[in-house]
2 protein chains.
Amino acid sequence: MIFLNLPIGVFDSGVGGLTVAKEIIAQMPNESIVYFGDTARVPYGSKSKDTIIKYSGQIVKFLQTKNVKAIVIACNTASAFALDILKTEIDIPIMGVIHAGAITAAKTTKVGRIGVVGTSGTISSGIYEKTIHEINSELEVIQKACPLLVPLVEEGLINDSVTDEIISRYVSDLKSRHIDSLVLGCTHYPLLYNTFRRIMGEGVSLVNPAYETAKELKSLLTCENLCADKGEVFHEFYVSDMAERFSDFASSIIPGVVKNTGIINIEEF
Amino acid sequence: MIFLNLPIGVFDSGVGGLTVAKEIIAQMPNESIVYFGDTARVPYGSKSKDTIIKYSGQIVKFLQTKNVKAIVIACNTASAFALDILKTEIDIPIMGVIHAGAITAAKTTKVGRIGVVGTSGTISSGIYEKTIHEINSELEVIQKACPLLVPLVEEGLINDSVTDEIISRYVSDLKSRHIDSLVLGCTHYPLLYNTFRRIMGEGVSLVNPAYETAKELKSLLTCENLCADKGEVFHEFYVSDMAERFSDFASSIIPGVVKNTGIINIEEF
């Protein structure tokens with residue numbers, strides 16, 4: 001069926017959502033993707049709920065012009081602020097990155113104490129705590145906003161003593177409260193997986209919502225009989241600014257997949 | 001005259017331009033100010049020329065609704081990309097922060113080697129090098145983009161070992177090439193003045209474009225007979241997002257001046 005081979009829309013404030021796109025490509029190689037990164041208005045993590053809802057709505061309108069069959073909000077802040085309202089506005093499946101990570105964290109913890117790291121927006125929304133408590137209200141959730149990690153990743157300091165120092169400061173309270181499960185609640189953070197691994201130690205499970213979200217998407221498409229058959233697979237990438245810089249960074253996250261990146265005037269949507 | 005007591009419009013991508021507003025208030029206490037910080041679309045330093053021109057044009061339209069008598073672009077990136085085009089579009093005086101800093105640096109250097117630090121946008125525009133060479137083509141200009149400094153300032157790490165380490169890395173090439181004048185080419189950087197002072201050593205003059213721009217504005221208003229007389233002085237502040245956070249941060253830069261901050265939907269202009 002032609003409809004099944006329509007692409008999945010994936011969006012983020014910038015490059016971070018590529019960690020989700022990468023997992024979708026790895027777990028569902030038959031699926032096509034149209035990705036949008038809002039690089040003109042990045043970052044989302046320090047913006048208000050109203051602004052994020054407006055920006056996300058514009059992006060969803062753009063993705064619908066590309067005839068997507070489903071949408072993944074590959075941004076924790078936008079998932080926290082805009083998912084519920086967007087669900088009521090469109091008639092195709094739409095999912096965020098919070099739910100799958102929250103479920104995995106709730107299943108993983110043995111001591112009942114879960115840490116969550118994310119941007120200021122995601123953490124102040126309290127969305128992970130709320131979602132984890134809907135699953136099991138007895139779990140303790142300890143949150144920490146880490147506003148410097150996105151700039152550090154975007155500056156390329158992924159394996160660097162400064163990033164180690166900043167992460168050590170951010171997680172010191174989580175460590176002293178003996179969590180045993182840590183949600184990497186920002187799509188940039190899987191790029192710092194090894195550093196979090198080393199600093200948190202082997203006793204703490206790291207939850208990567210990008211991986212869990214791709215798994216959840218696969219289940220959803222399967223349940224709703226929306227999986228692509230063996231049609232031609234394509235991956236298109238669009239941004240609102242700085243296409244070349246996006247392509248360069250994207251190539252380091254998903255080698256070989258990002259060829260041309262289109263520029264969209266997203267404020268028109 | 002009523003016209004003379006109209007306010008000066010000052011804008012920046014966010015809070016950084018407050019260092020310019022602070023200097024204007026200090027040097028011209030009779031002048032009123034309408035400040036706009038584009039906190040919904042901050043930062044400008046990593047965005048393209050076309051995007052910055054568009055955003056700056058919207059802000060100028062907003063400021064004109066406030067009947068400003070002159071405009072100061074209190075953002076190095078916007079000055080670099082948008083000043084020339086905005087000059088052709090409006091009929092009141094408009095100035096950026098580049099020119100005054102460039103002249104001071106050119107006058108200050110004895111060895112003929114000037115360093116410039118700024119955001120990626122300002123540095124890649126080459127505006128300081130171009131402006132300094134228009135003043136004296138024999139001066140050597142060594143530039144360095146410092147994309148982490150704005151996030152570090154906004155995280156409050158103004159006196160911190162991590163910020164010291166990052167600045168030391170950024171300026172190592174400038175130090176080894178023995179500059180004797182350094183332009184702090186981003187409106188956030190005056191907040192790191194003491195750190196730059198310590199790391200660069202006493203032999204290097206630090207040029208603060210915020211201070212120099214306020215001096216240049218005073219000369220301009222005096223020459224054009226536009227100085228305010230002793231009317232009522234007011235300072236109004238507007239942003240595109242996160243008004244409360246702006247007020248808090250602003251109070252630390254200009255204590256006692258920022259009371260209420262209004263929210264503007266800048267995309268409508």
Side-chain angles (χ1 to χ4, degrees), chain A residues 13-15 37-55 57-58 81 119-121 124 145-157 160-170 239-246 249 261 263-269, chain B residues 13-15 37-55 57-58 77 81 119-121 124 145-157 160-170 239-246 249 263-269:
Chain A
S13 58
V15 296
D38 197 0
T39 48
R41 304 186 293 196
V42 72
Y44 279 10
S46 53
K47 295 181 172 64
S48 70
K49 181 172 182 174
D50 287 348
T51 296
I52 298 302
I53 287 173
K54 178 175 146 191
Y55 289 1
Q58 290 172 324
F81 288 151
T119 64
S120 301
S124 69
C146 308
L148 280 170
L149 297 189
V150 169
L152 286 165
V153 167
E154 299 213 337
E155 179 72 335
L157 302 187
D160 191 281
S161 60
V162 163
T163 308
D164 283 16
E165 165 68 18
I166 291 290
I167 292 179
S168 294
R169 293 186 194 180
Y170 281 145
V239 291
S240 46
D241 200 13
M242 306 288 267
E244 199 170 332
R245 186 164 178 264
F246 176 88
F249 198 96
T261 302
I263 289 256
I264 300 298
N265 183 353
I266 196 66
E267 291 179 11
E268 281 182 357
F269 286 88
Chain B
S13 57
V15 295
D38 197 1
T39 48
R41 305 186 292 196
V42 71
Y44 279 10
S46 53
K47 294 179 173 64
S48 71
K49 180 172 182 173
D50 287 348
T51 296
I52 298 303
I53 288 173
K54 178 177 146 191
Y55 289 1
Q58 290 171 324
T77 309
F81 287 150
T119 64
S120 301
S124 69
C146 307
L148 281 170
L149 298 189
V150 169
L152 286 164
V153 167
E154 300 212 337
E155 180 71 334
L157 301 188
D160 191 281
S161 61
V162 163
T163 307
D164 283 17
E165 166 67 19
I166 291 291
I167 291 180
S168 295
R169 291 186 195 180
Y170 281 145
V239 292
S240 46
D241 200 11
M242 305 289 267
E244 199 171 331
R245 187 165 177 262
F246 176 89
F249 198 97
I263 288 256
I264 300 298
N265 183 354
I266 195 65
E267 291 178 11
E268 282 182 356
F269 287 87

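FYI, side chains are in, hydrogens and waters are out, and symmetry mates aren't considered; it's all heavy atoms of this structure.
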### Residue selection (most heavy-atom pairs with chain B, distance under 4.5 Å) from A:Ile166, A:Leu152, A:Leu148, A:Val42
A:Leu148
### Message
Could you check whether B:Arg169 pairs with A:Asp160 (Lys NZ or Arg NE/NH1/NH2 to Asp/Glu carboxylate O, under 4.0 Å)?
### Response
yes
## Note on the structure
Note: A:Val162 and B:Glu165 closest approach over all heavy atoms is CG2-CG, 3.4 Å
### Task
Kindly compute the distance separating CD (B:Gln58) from CD (A:Glu267), expressed to the nearest 0.5 Å.
5.5 Å
#### Entry: Atom group of A:Tyr55 that falls short of 4.5 Å from chain B, counting heavy atoms
side chain
### Query
Side chain, backbone, both or neither: which part of B:Asn265 has an atom under 4.5 Å from a heavy atom of chain A?
side chain
### Message
Can you tell me which portion of B:Asp38 sits under 4.5 Å from chain A's heavy atoms? Options are side chain, backbone, both or neither.
### Response
neither
### Contact origin within B:Leu157 toward chain A - heavy atom pairs under 4.5 Å
side chain
### Task
Would you give the length of the straight line joining atom CG of A:Asp241 to atom OG of B:Ser46, rounded to the nearest 0.5 angstrom?
8.0 Å
### chain A contact via B:Thr39 - which portion, at a heavy-atom distance below 4.5 Å
backbone
### Message
Please check if the number of heavy atoms outside B:Lys49 that lie under 6.0 Å from its NZ is greater than 12.
### Response
no
## Note on the structure
With chain B, the option among A:Glu155, A:Glu154, A:Arg41 that has the most non-hydrogen atom pairs under 4.5 Å is A:Glu155
### Best-contacting candidate, B:Ser120, B:Pro43, B:Ser161, against chain A by heavy atom pairs under 4.5 angstrom
B:Pro43
